[in-house]
Number of protein chains: 2
Amino acid sequence: MINFREKSYRCTSEIVLGLVSGKWKISILNHLAQGPIRFNELRRLLPEATQRMLTMQLKMLESDGLIIRKVYPVSPPKVEYRLSELGEELAPMLLMLCEFGTTYIESFPDEVSYSDHKHA
Amino acid sequence: MINFREKSYRCTSEIVLGLVSGKWKISILNHLAQGPIRFNELRRLLPEATQRMLTMQLKMLESDGLIIRKVYPVSPPKVEYRLSELGEELAPMLLMLCEFGTTYIESFPDEVSYSDHKHA
DNA sequence: CGGTATCCCTCGGGATACTG
DNA sequence: CAGTATCCCGAGGGATACCG
């Protein structure tokens, strides 16, 4: 779970950033918004993510209370991930972010002439 | 400006994260939402940020089109920063993030330690 | 006043191999 | 099937000093 003291946020909005900042977190949340998914299903849905990365991101999302990990004691093992209530409350915000992202891209119509300037 | 191809976002919502991810960006945007501010004013408002960091974050915000840097050719130098139109469109989203952040904190009654530097 | 220039160090994340 | 265990690298950011 997030340790608010250690992280020392300057505004509560930064908490949300911390929750979803991580290379695969948003993708995972978006997929889980469709319903529960097993680990290897997720791997197939996100083929570019390494197994290690997926595990890590899922652990963080779980310890932050956004998703729930359910282990079925069967053989072979079966582990299913789904959104928690908190995670579902996040959905509309992700949608908003997504819409602004689209607006943002479209506000730079001359996409060819963007500079190569990198944020160093 | 952001190079969309290089960064290879998996969802447009990740663009917004890229725009505001940076230790002081949200604080800066929140302050600029009140009106234009000069560089050293900002330093006083964010005393824990080093000069170098402020400069870097401001440059990124500017090159991403969220803020505008205006230089007054006077002596001593005067530089003023303000939100662009795009930056102002971002404001309501930051507010939403902020509200969810607060909700989130309150959903963990044990962990309530966190100092808020109020903006609005 | 409003920045640059260096140096350094942490931490997120990639590649790869192994396991109950 | 669903993970761990190592090793490694580069970007983000801190401390400090200097500049037009």
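Letters go in sequence order (proteins before strands), and every chain restarts at 1.
Tested against A/Y72 for a side-chain hydrogen bond (donor to acceptor under 3.5 Å, both in side chains), the candidates A/R38, A/K78, A/E80 yield a single pass: A/E80.
Atom CG of A/L45 and atom P of D/dA2 are 13 Å apart (whole Å). As a whole-Å value, the separation of B/I28 CD1 from D/dG13 P is 11 Å. Whole-Å rounding puts the B/L42 CG to C/dG2 C1' distance at 12 Å. When the C1' atom of D/dT4 is taken as reference, atom CZ of A/R43 falls 13 Å away, rounded to whole Å. The interatomic distance linking A/R69 (CZ) with D/dA2 (P) rounds to 10 Å, in whole Å. Separating the CZ atom of B/R38 from the C1' atom of C/dC1 is a distance of 7 Å, rounded to the nearest angstrom. Rounded to whole Å, atom P of D/dG12 lies 16 Å from atom CG of B/L58. Distance B/K59 NZ to C/dA5 C1': 11 Å, rounded to the nearest Å.
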B/T55 vs B/T50, test: side chain to side chain contact (heavy atoms under 4.5 Å, CB included). Steps then yes/no.
CA-CA 9 Å; B/T55 307; B/T50 66; over 6 Å; no
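In this structure, B/Y104 and B/F108 have perpendicular ring planes: the angle between them is above 60°, well past the 30° mark.
Of the possible donor and acceptor atoms, none in the side chain of B/E62 sits under 3.5 Å from a partner among the backbone N and O of B/I68.
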Going 5' to 3' through nucleotides 6-20 of chain C, assign each nucleotide B (protein heavy atom under 4.0 Å from a base atom), S (under 4.0 Å only from sugar-phosphate atoms) or - (no protein heavy atom that close).
B------BBB----B
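Separation of atoms CZ (B/F100) and OG (B/S107) is listed at 7.5 Å; rounding is to 0.5 Å.
At a threshold of 4.0 angstrom between heavy atoms, the contacts of A/Y81 are confined to the sugar-phosphate backbone, with no base atom among them.
Under the side chain to side chain donor-acceptor pair (under 3.5 Å) criterion, the residue pairs touching residues 81-95 of chain B are B/R69-B/Y81, with sequence neighbours excluded.
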